[in-house]
Number of protein chains: 2
Amino acid sequence: MSDMTEATPTPRRGRPAVTSQARILAAARRIIDREGWRRLTLRRLAAELGVGTTTLYHHVRDREDLLIQLLNEDAAQSLAEVELPENPRERIITAMVAVHDALAETPWAAEVLTVDGFLPRLGEPALRVVEAVLSAAVELGRTQEQAVDLFRTAWYLTVGELLVRARSGELSQDAERRADWARGTFADPRMPQLAAIGARWPELAARDTFRVGLAALVDGMLPGSSRETAR
Amino acid sequence: MSDMTEATPTPRRGRPAVTSQARILAAARRIIDREGWRRLTLRRLAAELGVGTTTLYHHVRDREDLLIQLLNEDAAQSLAEVELPENPRERIITAMVAVHDALAETPWAAEVLTVDGFLPRLGEPALRVVEAVLSAAVELGRTQEQAVDLFRTAWYLTVGELLVRARSGELSQDAERRADWARGTFADPRMPQLAAIGARWPELAARDTFRVGLAALVDGMLPGSSRETAR
DNA sequence: ACCTGAACACCGTTCAAGT
DNA sequence: ACCTGAACACCGTTCAAGT
């Protein structure tokens, strides 16, 4: 029980196991595929496996742990395949975009994204990406502190984008209703810019600008290595 | 029932009201002060007011709506008091730091931060801050699209910082335990930068670097108006 | 117009007791 | 060593029926 993230238990003594980490994760995935991740509860999962609910607590720490383990299978794998460029600036951007994209694929990522020490719990491939960012910053002459600051700020941006997007993606009202809403709420004449944008807001806000924003952040934090100098 | 955010209903006919928006918010605040915001449930709130749970649904749309209304009372007020500087770069930073700080004060802000169209629901003072960011970007020669991109990216950074911080603040393990954890998980020799930081990670990660990160983001997105040119 | 109890449809987690 | 039912301590929300 020391490392819940490891998926290879070696039972030896006592009552034979009726289930296992692997079977639990497989069953969880079936429920997610069939009914959506919101329906994945420990009770439902136990029913799917035909075991008592409380049995699950011998294999997963809690619901959060289960969700992170599920994420591991997808995200860690896709992160491990990322090729990181030599150029430090590009390396940082590639690394963080990879983290972003890996997590964006999994709809329940938003549920566990903000747990303390989340990225390390995703295992070695995730740490490799953090290392890439830190080493690139140090290569560009930053201190250890500054390297950590850069990573953390980029991580906050990533988390924020993912969470806001996860929520707005859920309730997908039609474009016209959203435009009407924006026209109405931004119609204050004391706010000329908002009023000028008006109904266009939902359309503009729907654009994916993560990479551009991240690149700007990196350039702002590493003034030495702007696009121009890097090439 | 058209606008749940308004706190001044004018009852006229029918059975006299046993409660009101104002009484509900006051009772909610008593519960939060006494037991913490996590204990604020509709059932508990109804009990505090001595009304049926279902009565509350005539005054608030749902739990989320209740939380946002509570936030309004604090955040909107503190946002309204913010003085925005003339200099566009400083205006953006001041505006977003104000949003950040206003939301950081309220521990349950993280719970509702990511709802679609959150900032407009905070009312006019919040819109004023958005307008400030947009107008500053336009003043610096950006297009409408670029202004919205800047605001959105800054908003993602703000949301991410608040959410990560809210979670890591909850479970406050002692410094030594955290340092030990970091030493252990970052001890991989293939990751020299992480290994070099090691036990220092929690200490470095605890530093408040929001303003610095935001300033870097702004400078990265508005290359014309760096610190130097602005002064 | 406003209020209500009952009901629906659930949760995660702990405990003591089995096998 | 592993599994279990029962229990604890709750949720948000809808409905039809009052007043």
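Proteins come first, then strands; the chains are lettered A, B, ... in the order of their sequence lines, and each starts at number 1. These values consider heavy atoms only, across backbone and side chains, with no hydrogens, waters or symmetry-generated copies.
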When you measure from the side chain of [X], which nucleotide among [options] comes out closest?
X	options	value
Thr54(A)	dT13(C), dT4(D), dG12(D)	dT4(D)
Leu42(B)	dT14(C), dT13(D), dT4(C)	dT13(D)
Arg43(B)	dG5(C), dT13(C), dT13(D)	dT13(D)
Arg44(A)	dC10(C), dG5(D), dT13(C)	dC10(C)

### Query
Using purine N1 to pyrimidine N3 plus N6-O4 or O6-N4 for Watson-Crick, or N1-O2 and O6-N3 for G-U wobble, each under 3.5 Å, what pairs with dT19(C)?
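dT19(C) is paired with dA1(D).
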
### Query
Does dA6(C) pair with anything, Watson-Crick or G-U wobble, both distances under 3.5 Å, and if so, with which nucleotide?
dT14(D)

### Query
Does a side-chain N-to-carboxylate-O contact under 4.0 Å join Arg177(B) and Asp180(B)?
no

### Pair Arg23(B) + Glu48(B): basic N to acidic O under 4.0 Å
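Glu48(B) and Arg23(B): not salt-bridged.
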
#### Entry: First encountered from the 5' end of DNA chain C, between Gly50(B) and Asp62(A)
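On the 5' side of the pair lies Gly50(B).
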
Rounded distance in Å - [atom1] ([X]) to [atom2] ([N]):
X	N	atom1	atom2	answer
Leu45(A)	dT4(D)	CG	P	13 Å
Tyr57(A)	dT4(D)	OH	C1'	14 Å
Arg23(A)	dC3(D)	CZ	P	10 Å
Ile24(B)	dC2(C)	CD1	C1'	12 Å
Arg39(B)	dA9(D)	CZ	C1'	9 Å
Leu56(B)	dG5(C)	CG	P	12 Å
Leu66(B)	dC11(D)	CG	P	14 Å
Glu35(B)	dA9(D)	CD	C1'	14 Å

#### Entry: Evaluation steps, side chain to side chain contact (heavy atoms under 4.5 Å, CB included), between Leu70(B) and Ile32(B)
CA-CA 10 Å; Leu70(B) 245 15; Ile32(B) 289 172; 3.8 Å; yes

### Message
Check this one for me: any side-chain N or O of Thr55(A) less than 4.0 Å away from OP1 or OP2 of dT4(D)?
### Response
yes

### Message
Can you tell me if His59(B) touches the phosphate of dC3(C), counting only side-chain N or O atoms and a distance under 4.0 Å to OP1 or OP2?
### Response
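Indeed, a polar side-chain atom of His59(B) lies that close.
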
### Query
Can you check whether Arg200(A) reaches Gln144(B) side chain to side chain, under 4.5 Å on heavy atoms?
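Result yes, sub-4.5 Å side-chain heavy-atom pair found.
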
### Task
Kindly say whether, by distance alone, the side chain of Thr41(A) makes a donor-acceptor pair under 3.5 Å with the base of dG12(C)?
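Absent.
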
### Query
Mind checking the P distance from dC8(C) to dA9(D)? Whole angstroms is fine.
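Straight-line distance between the two P atoms is 24 Å.
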
### Query
Quantified in whole Å, what is the C1' atom distance between nucleotide dA6(C) and nucleotide dC10(C)?
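Nearest-Å result for dA6(C) against dC10(C) at atom C1': 16 Å.
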
#### Entry: Residues, nucleotides or ligands: over 12 heavy atoms within 6.0 Å of Glu145(B) CD
yes

